[in-house]
Each structure stands twice: as structure tokens, then as C-alpha cells.
Number of protein chains: 2
Amino acid sequence: MAEYHASRNTVRGAIKELATLGVVRTLHGKGTFVTEHVNPIVTTLTTDPETGAGGGEGLVYTAEVAASGRSATTSEPDVRIQKANADIAHSLRILVGTEVISRGEQRYIDGRPWSLQTSFYPKSLARRAPRLLDADSIDEGTVAYLRERGIQQAGYRDAIQVRIPDKNETDYFNLPADGRIQVVEIYRVAFDQNGVRVRLTITVYPADRNRFVINVGRVPISDMLIKAVDESSG
Amino acid sequence: MAEYHASRNTVRGAIKELATLGVVRTLHGKGTFVTEHVNPIVTTLTTDPETGAGGGEGLVYTAEVAASGRSATTSEPDVRIQKANADIAHSLRILVGTEVISRGEQRYIDGRPWSLQTSFYPKSLARRAPRLLDADSIDEGTVAYLRERGIQQAGYRDAIQVRIPDKNETDYFNLPADGRIQVVEIYRVAFDQNGVRVRLTITVYPADRNRFVINVGRVPISDMLIKAVDESSG
DNA sequence: AATGATTTGTTCGTATGTATT
DNA sequence: AAATACATACGAACAAATCAT
């Protein structure tokens, strides 16, 4: 106020703008602090056909994060049986109201919330893969477990969009409630060897500290190395 | 103000929040209007190895958009020769200050600004592919032209991040200047058959009206059909 | 073409509430 | 309990863009 000969309200407005731009962060009762630049966490969405590495889910993300010297942890899965809403039904090509198994997980990096992931499986899969209904983590990963049970993942399709976080997400990620910081939402539909949709996985990441990489065609191996701290761009 | 017995400033603050959430949009002197939901434009980032379709650049995006009944147009390229900054140099694995060819384009859908795309090539490429220096559009697409000149694109890597738009982008896309609506920035580094980096393409899209799709492994052909209006999710 | 009404944008001064230290 | 700092609200004035007359 003294420096710019402006009123408190004006300074407040300016600080709000800086907060929108991500330059500062305000904490009620504590103060306003310049944001420290966080190196984005890099997730590779494509699978390397040779090594099988990548994909950004299950065990792979743990390995990918660990490779960058960070520690990845996952909550126990929240396993539910519910009826498919229009969104889930459309993605899995089943009828609305059909029962599905949902397995939700909270994922942390270095103890800080990193992403929210929920997978939906047609309930009929449980006949051949009963452990989908267990409330324990499937240590080898559900993709490996399903393959073991004869359900191979032949491919998948990701749809990536950016949107305003909902209440759940602002709470979990500790984001401001006014939607200044957005989230990246990735819908992954996995297909089995017959082209049947066996899984829908929805993963939500805060947009400001994540980066996503996809490799297409022949990319030099040296560049396939996972670097969670990518010094390029920005 | 009458309905909620609140002051103008309070109502203004509320409207600002609604604008941040994307519910309304204010136009100076005209009024405040509820936002009409726009169906996102879908861009497929992966290339179908069989058909060669996809990739989201050059001719492909025109075809992809046309398939959804919209019309795609592109400005004449803004061709420049400039020195590589740290970002470009790192992406192309060249020294900072090395001369590069930049070709920038503004891309429109149905006459409305859709994306900004700039490609950078090492200037040494111009020996074998002199038309890179022409200020005309390369109608068959630069990827096809380079292949014709013996420089094949064997693969590419995309890095996707979300950030606040700069002045250029808010002007071009007609976004609010306070960074409420963010942009998706995609860095694409293309490799030739020897694993050499031949191109860096940076494409910027407004985050609120675009969706990106990637296909990995075997995805049913029926699902490869491009749908610029995807009724799933949201 | 000019003017006034309407609407959003910006700033100020002031007061009160609430979380933190 | 007091001081500090952010959050919310009110009333007022003026600027700037648009629109109707």
C-alpha cells in the first residue's frame, strides 16, 4: 500500500491476480508467499512395446516415480460395486445401471497427494477374476492379474481433458476452491484381445505440477529414459 | 443486488467467481452471459500405424476436423530464421544460438481461432529441403515434403503441459487476461530414421474447448473413427 | 452524428469476521 | 489475550465500452 500509494482493496485485488497467475499463494492468517517452482512430475502415457514400461498406472507409475528418486505410495483401494452411470456405461459400452466394480485409489508422491485414480470393471469380469472384488491391493497390478486370468490387455485409448476441480479434488490436492488451478483428467479405456472393453480408468492430476509424455513410432532408447525432472521448456 | 440484498461489489465478486468457474462470461459494456457449452474439439495425438492417420498436425488436422463437419483453415506461415533459445536448443539437441528455421501458423476452425503452432527445424536441413525456407504453405505437409527429400519421420515424442496463457495467446484466442482459462501446450520432437531430432513443434490450444486422444496397442478400428464431438464424459 | 442510458471495470475508504502466531 | 494477516462486505465515485434514441 505504501509503495504503490494504493488502498488495501486494490492491493488485495492485485494479490488475487498474482495468485491466479500462480506467482504467489495466500494462506489465511499466515501471510502471502511467493510460489516456489516445483519441477513437474512426468508421466509417460504410452507403453514401450519392447520393454513394456510406461502407461502411468498401477505398478508402472511406482517404478517411474521411484526412478526419479521420489517415493510413491498408494492408499488401500476403495472397492465398491455400483451401477454404471451414463458416462461409465458409454465408455465400457454397457447399459446404464449395469453393475460395475470400482476400485479407487489415492496416490501420493513423497507423502504429498499426487493423483486420484478410479478403475471400473464390468462386474461380469469377477467370475474369471474374483480378486477384483478384494479390498486389498493387487500387488502385481490388475493388468498383470487379469492377464494371468486369461484377459489380456491388447490396447487402450486415453482421452485427456482439462477441467475445474470439484470439491473432492480441491480438498484432496489442497487446491484453492475457486478453480484457479485446474486438473487434468485422463479417461483410459482398455481393450482385450477381442476388442472388448474391459476397464475404464479415470485419473485426475493437478494441472500445475504434472506433465505427460507420449512416444509414437521409433523414439531413440536414450530418450525413453524416464526423467521425472525434465529440464526442458518452461 | 436486489435479489440477494448485496452490494454491487459483492455481486461483482460473485460474478467473477462464476467467470472463473466458466459458468458465465462478461463482456465490457455489453453484459454478463451464461456460457454456452461448446463440444470439445478432439485431436488424436498418436498416429495409426496402418492408415497413417492422426497426429494432430499439418494436413492431418485438416482432415480430422473436416471429418466432423467443421472447416479448418490455416494462416500463411510466418517463416523466420532465428537463433535457438535454451528451450529450442535443448529440444533439438543443438547449441544455444544455432540458427533454426521457424514456421508459425495460426489455425482456425469455422473461422474461429483454434490453435497456434510453430515448428522449428535446424537450419542445416534447408540444404536438403530448401522449401522449408519458402514463405508459402507446403501443401502436401512438411512431413511428406521432408520424406520426399529423404528425411523420414520415424517417430516423435509429445510432452503435454497446462499453463497460463501469455499476452499473445489471450489476444489470439480471445481469453480473459487474468489467466482464468488456461492453455494446453504440446511439445513435439520428431526423430528421423537415425534417431536424429529434425523438428520441434509447439502447439498451443485453449484448455477449455479441446480434448486429446491417444491410442496405444490394438484399439478396435470402429473406435479409431474420429469424432470431433465425443459424447462421453463431462 | 450526438447524446444519454446502461453495463462492466477500477479504485477508494471503512468496517467486521476469522485464522494464525 | 493481543497483535497480525487474510477474507468478506458495504457505499461511493469515476472510467470505459456499448447501445438506443
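In what follows, chains carry the letters A, B, and so on, assigned in the order in which the sequence lines appear, proteins first and then strands, with residues in each chain numbered from 1.
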Applying side-chain hydrogen bond (donor to acceptor under 3.5 Å, both in side chains), can you list everything that pairs with A:Ser102, at least two apart in sequence or on another chain?
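By the side-chain hydrogen bond (donor to acceptor under 3.5 Å, both in side chains) rule, A:Ser102 matches A:Gln82.
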
Within 6.0 Å of CZ in B:Arg131, more than 12 heavy atoms from elsewhere
yes

I'd like to know whether OH of A:Tyr4 has more than 12 heavy-atom contacts from other residues, nucleotides or ligands below 6.0 angstrom.
no

Where do B:Asp178 and B:Arg180 land on the salt bridge (Lys or Arg N to Asp or Glu O under 4.0 Å) test, with the steps shown first?
CA-CA 6 Å; B:Asp178 58 5; B:Arg180 292 195 309 264; 2.7 Å; yes

Assess, by modelled atom type and distance only, whether the side chains of A:Arg107 and A:Ser115 contain a donor and an acceptor separated by less than 3.5 Å.
yes

Going by distance alone, is a donor N or O of one side chain under 3.5 Å from an acceptor N or O of the other, for A:Thr142 and A:Tyr121?
yes

Whole-Å gap separating P (D:dT8) and OH (B:Tyr4):
17 Å

Can you give one letter per nucleotide of nucleotides 13-21 of chain D, going 5' to 3': B for a protein heavy atom under 4.0 Å from the base, S for sugar-phosphate only, - for none?
---BBSS--

Is B:Asp158 reaching over with its side chain to a backbone N or O of A:Val213, donor-acceptor style, under 3.5 angstrom?
no

Quick check: does any side chain N or O of A:Thr118 sit under 3.5 Å from a backbone N or O of A:Arg103, one acting as donor and the other as acceptor?
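Here the side-chain-to-backbone pair does not exist.
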
Any chance you could measure [X], atom [atom1], to [Y], atom [atom2], to the nearest 0.5 Å?
X        : Y        : atom1 : atom2 : result
A:Gln182 : A:Gln161 : CD    : CD    : 12.0 Å
B:Leu175 : B:Ile181 : CG    : CD1   : 5.5 Å
A:Asn85  : A:Ile88  : CG    : CD1   : 4.0 Å

Could you give the angle between the helix axes at the two ends of the helix from C:dA2-D:dT21 to C:dT21-D:dA2, with five pairs per end, rounded to 10 degrees?
10°

Return no unless some side-chain N or O of A:Thr10 is found under 4.0 Å from OP1 or OP2 of C:dT11.
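For C:dT11, neither OP1 nor OP2 has a side-chain N or O of A:Thr10 closer than 4.0 Å.
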
Whether A:Thr32 contacts D:dA5 is assessed here as follows: a side-chain N or O lying under 4.0 Å from the phosphate OP1 or OP2. Is that the case?
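For A:Thr32, the contact criterion (side-chain N or O under 4.0 Å from OP1 or OP2 of D:dA5) is not met.
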
Heavy atoms within less than 4.0 Å of DNA chain C: which residues of residues 11-27 of chain A have one? Give them sorted by number.
none

At a heavy-atom distance below 4.0 Å, what parts of residues 168-176 of chain A sit against DNA chain C?
none

Run the side-chain contact (heavy atoms from CB on, under 4.5 Å) test on B:Leu200 and B:His90 for me, step by step, so that the C-alpha distance in whole Å, both residues' side-chain angles and the decisive distance to 0.1 Å come before the verdict.
CA-CA 10 Å; B:Leu200 163 66; B:His90 175 266; over 6 Å; no

Can you name the ring-ring contact (aromatic ring centres under 6.0 Å, His included) partners of B:Tyr172, sequence neighbours left out?
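Applying ring-ring contact (aromatic ring centres under 6.0 Å, His included) to B:Tyr172 gives B:Tyr108.
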
